[in-house]
Structures are given as C-alpha cells and as structure tokens.
Amino acid sequence: MARIAASFANTTLCFLLGAVMLAGLAACSSSNAGGQQARTAKSAANSAIMVIDSWTTGAVPSHYAKATLRSLAQTLADFDRQQQRADVSDSSKQSARQLMAAAGRAEDAIKSGNQALAEQARQDFRNAIAKLVVAKPADQATNP
Amino acid sequence: MKKLLEISLGVVTSVGGFLEVGSLATAAQAGALFQFQLVWAILLGTICIIFLVEMAGRFAAVSKHTIADGIRERFGFNAFLWPLVSTFLVNFLVLSAEIGGVCIAAELATGIGFQLWALPVAFIAWLLLWKGTFGLIEKGVSLLGLVTLCFVAAAVILKPDWTRVAISSVPSLPHHDTATYWFMAVSILGASISPYLFMFYSAGAIEDKWDKTYLGTNRAIAGLGMSFGGSISIGVLIVATLVLAANGITQVDDYHQLPLMLTPVFGFWGFVLFVASLGIACFGATVEIALQQAYLVAQGFGWNWGEDRKPRDDPGFTMVYTVTIFAATIPIALGLDPLKLTIFSMALTAASLPLTVAPFLFLLNDESYMGQHRNGVISNTAVLFVVALGFILAVVTIPLQILGGS
C-alpha cells in the first residue's frame, strides 16, 4: 500500500514540478496579441473614467485616485509604445496617443484638485475610446 | 441549546473565514471578463469543499487524528513526504499572496506602497500567533471577516437578473477567450478547494477536542458554513459583472481596479468596506495558513503541536510558523505583483489537489480509524470526483497557464 501511495505521489509531484517550471516560463514571457492589447487599453481607460467619476463624487480618496491613475497611465503608455511600433492605421496610433495624454491630464487634475480638468480628461478618454473601437475594423480591413 | 450555539458560531466563523485574496481576485476577474458565465465553477468548488471539510472534520472527531497525521501514520513517512512538500510549497505561495492582499489593503487605506507593509503585516500576524489562542484566531478573525458579506449586500442591491445567474450554474462553453475562460475556471476551483482549508479544519477539530458527539455539528458547519461562504464568492462575481463589466472594464490586471466594484453601490463607504474586507479576509487567511504550515510540519515529524500551548512547549511548531510567515513576505517586499502571484498560486493549488485529496479515499474508508463512521457511497463518489477533477486540473493547468494566464 505504501509503495502504491509513494508511486502515486511521485507521478503527481512530477506533474506539479512540470507545472511550476512551465507556468514560471509562461509568466516570464509576454506574448500579447494586438486585439488583446487594445482590449487591455480600453479596459484601463474605462477604469480611469470610473476613478475620475468616483473621485469627483468623493467616493474615493485622492491618494487612491492618484495612485490608480498613475498605474493605469503606465498601462496606456505601454499600449501607446506598442501601437507606435506596430503596423496599424494612423487613427489607431492617434487614439493610443490620446489615451496616454488623457491619463496624464487626469493625473494632473487629481494632483491639483481641479474638477474641471478632471471632467475634460474624462471627455478625452471617452473620445479616444470611441476612436479605438472605430479604428479596430478598419485595421482588420487593411491588415487581414 | 449549547450545541445550537456552537453550530451557529461554527457556521458564522466559516462564512467569515471563507473569502480570501484568491476567491476575491478570481471571482472579480471572471465576472469582469465572462459576466455570470463562471458561476458554475464557484458552485462546483463549493460543493467539493463542503464534502472535503465534512470528511476532514469527521475523520478528526472519530479517529482523533488530523488529515496530515493520518496520511503519515497510514502510508508511512516516505509516502507522506510528497503531499507534505507539495502542500507546503503551494501553501507558501498562497500565504505570500494573502500577505500581499493585506498589504494592498494597507496601501489603499494609506497611500503608502504595498511593499513597505509586508514586514509590519507579517509581524502583527506572527505576534497574534505567538500570543493568541486558537479560539481567538478561529473565532475573532473570522467574525471580523463577516464584513465580506458586503459583497452579497451589493449584489442584491444591484438587482441582477437572477434567471441568468441560475442558468450560469450549469457549465457552458465560452463565446470568446476560450483558454482564458478555462484558466479562470481552474483558478476559481483552486481558490475554492484550498487544501489549507480542510487541513486547517481537521487540525482545528483536534484543537477544539471534538469527539463523536460533534458529528452533527461538523455536518452543519461544513454544509451551511461553506454554502454561505460560497455565496460571498458568487456575490463578488455578480458585483464584478454588474459594475466592472457594465462599465467596460473587462480586464482586471491591476489591483487598483478592485475597489471600484463597491463605490457605485455604497459611495465612499464602498471604498472603506472593500479595504476592510480585503484586509481582514487576507489577514485571517494569513494567520490560518501560517498556522497550517506549522501543523503540517509538526504533525509530519511527530513534534508537539498546538496553538494553545506556550511557544517553549512546542518550539519546532513555533519555529515553522515564524520562519514561514517572514519568508513569505520576501516576494511581496521585493515588489512582486500580489494579483499576479494570487492567480498563479490558485492555479497551482488546483494542480496539487490529487496529492492531498486522494488519501481521503483510504483514510475515510479505513475501519481502524473510522469504525462505523466510514464513508458512504455518496462521500466516496465525491472524493473520486475531486481526485479525478484534481488530475484533470493538474494536467490542464500547464497549457492553460501558458495560453490563458495573465
């Protein structure tokens, strides 16, 4: 019985060790498809809009809003870098740039406590997201 | 009356102690990306953990052995070494993720970076283990954990389409992101069927000196406590669907996004409730997992163990939780993203299940341990199902982590 149990345990542990190694390798690699990048950026932009909304209504503290927008701005900056390098339409590149600029504006608005600037940043985000959605089918048409 | 009070307290502590960083993060990610579609994974995980917890409690109450103790005694130390090593390693990662969860809560509350909170959090948890009693840890922290019921309240306030929620309790194929869908399902199962949960429960039954008169209490706590606990995870998924997904947030890659779940429902109090829920739930899990690591090693090597003993009476036991808890802070103090660590460790937990669950089949059917309280057909079917599920998870976790892991 003990031998069977040990053999069973051995097999399972091999699976586990394999899983650890491969999962570690997978975690290190970052193969991100274009559609996935755009979706991550759109999700980050929508998160930024929610943060601005919550901050303007006093539902979240300023330190949280600042830190969150800084982190989301990082995601959007990565997206912008990838878009500028990628073979995509100019409108896609432009909307990525606009998202990054909106994130910077939103961060400034929170830092200075300027609600009007925050409202403008929110509008910029909405415009850029709309362009990002519109840009996607055109990209697919030009780059099948 | 006394039994009823014990059952109530047991159920309440199970509910309060159910949610932790893994179930919170996986349910939030699943709700944001797949809406209600993964409710079935939480339900399946909850049903599995109900059976395992009931069996772990019954085994302890009847045989006066913990599960770890039973595995070592029944199969010998060499065979026990494998589940010991794998469970210890997986628990270590989960412990690190839980410490990360408390640190995120502290960062959200104060604005001071989460890395800087790793050591203070570990110290407070260690102090509680050093000075506290099992009752204080089991009941005190878990009762505070009832704050996590705010997710259920938020889900009800948001008025979901309950028919859609009910339909989602049956597994269905995804319409997009197939690999991510299955990876999320595996992670949810890993978060729900955590070996530390049922192993800690069996050690707790010994600490609380359970005997055969507690079998009814055990069944009630396992059934009601875990069911209500699972409903909190479903609450998180519903809130993530109706708040995050509804606002176009489909990717929860950043822990900063999580508090946004409750602010549209409760305003500023939503932020406070989220921080409190995350902090308390993860702190409770931190203390329990550190304690479980000590139980596991002490029981495996036959040392003295018991949270109610003085540290000088069980030095090995005390040393294990001390070293583990401080070592687990290293990844967080070095700045490893707690959310990524959480998802990774939940998938590995799922992959390690066969090693910890398969012995149930032997232990719970062994007359010398269980006498007339051996497993029936239903319990054995449940164990076989979890073992089979564990094997499938162990095999699929690797490709899914590569294809669908974030």
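Predicted model only: the values in this text are computed from it and were never measured.
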(request) In sequence, state the C-alpha distance, the side-chain angles, and the governing distance for Arg39(A) and Thr250(B), and then conclude on side-chain contact (heavy atoms from CB on, under 4.5 Å). (result) CA-CA 8 Å; Arg39(A) 211 167 52 184; Thr250(B) 53; 4.0 Å; yes
(message) Between Ser43(A) (side chain only) and Ile249(B) (backbone N and O only), is there a donor and an acceptor less than 3.5 Å apart?
(response) no
(request) Select one option (side chain, backbone, both, neither) describing which atoms of Asn247(B) are under 4.5 Å from chain A's heavy atoms. (result) both
(message) Counting heavy-atom pairs closer than 4.5 Å to chain A, which one of Gly390(B), Pro264(B), Gly111(B) comes out on top?
(response) Gly111(B)
(request) Please state whether the side chain, the backbone, both or neither of Ala32(B) comes within less than 4.5 Å of a heavy atom of chain A. (result) neither
(message) Using every non-hydrogen atom in the two residues, find where Leu108(B) and His63(A) come nearest and quote the distance to one decimal.
(response) O-CE1, 2.7 Å
(request) Measure from the side-chain N and O atoms of Thr263(B) to the backbone N and O of Ser54(A), and report whether any donor-acceptor pair falls under 3.5 Å. (result) no
(message) If I compare all heavy atoms of Ser47(A) with all of Gln257(B), which pair ends up nearest, and what's the gap?
(response) OG-NE2, 2.9 Å
(message) Taking every non-hydrogen pair under 4.5 Å, which of Leu81(B), Leu244(B), Asp177(B), Leu93(B) racks up the most with chain A?
(response) Asp177(B)
(request) Answer whether the closest heavy-atom distance between the side chains of Val51(A) and Leu260(B) falls below 4.5 Å. (result) yes
(message) Please check: side-chain N/O of Tyr64(A) versus main-chain N/O of Glu107(B), any donor-acceptor pairing under 3.5 Å?
(response) no
(request) Check whether Thr57(A) gets within reach of chain B through its side chain, its backbone, both or neither, counting any heavy atom under 4.5 Å. (result) neither
(request) Starting at OG1 of Thr68(A), measure out to CG of Asp254(B) and round the result to the nearest 0.5 Å. (result) 7.0 Å
(request) Can you see which heavy atom on Pro61(A) is nearest to which on Phe268(B), and at what distance? (result) CD-CE1, 4.0 Å
(message) A side-chain contact here means heavy atoms from C-beta on lying under 4.5 Å apart; do Thr75(A) and Asp253(B) qualify?
(response) no
(request) Against chain A, work out which of Gly113(B), Gly270(B), Ala109(B) has the most heavy-atom pairs shorter than 4.5 Å and name it. (result) Ala109(B)
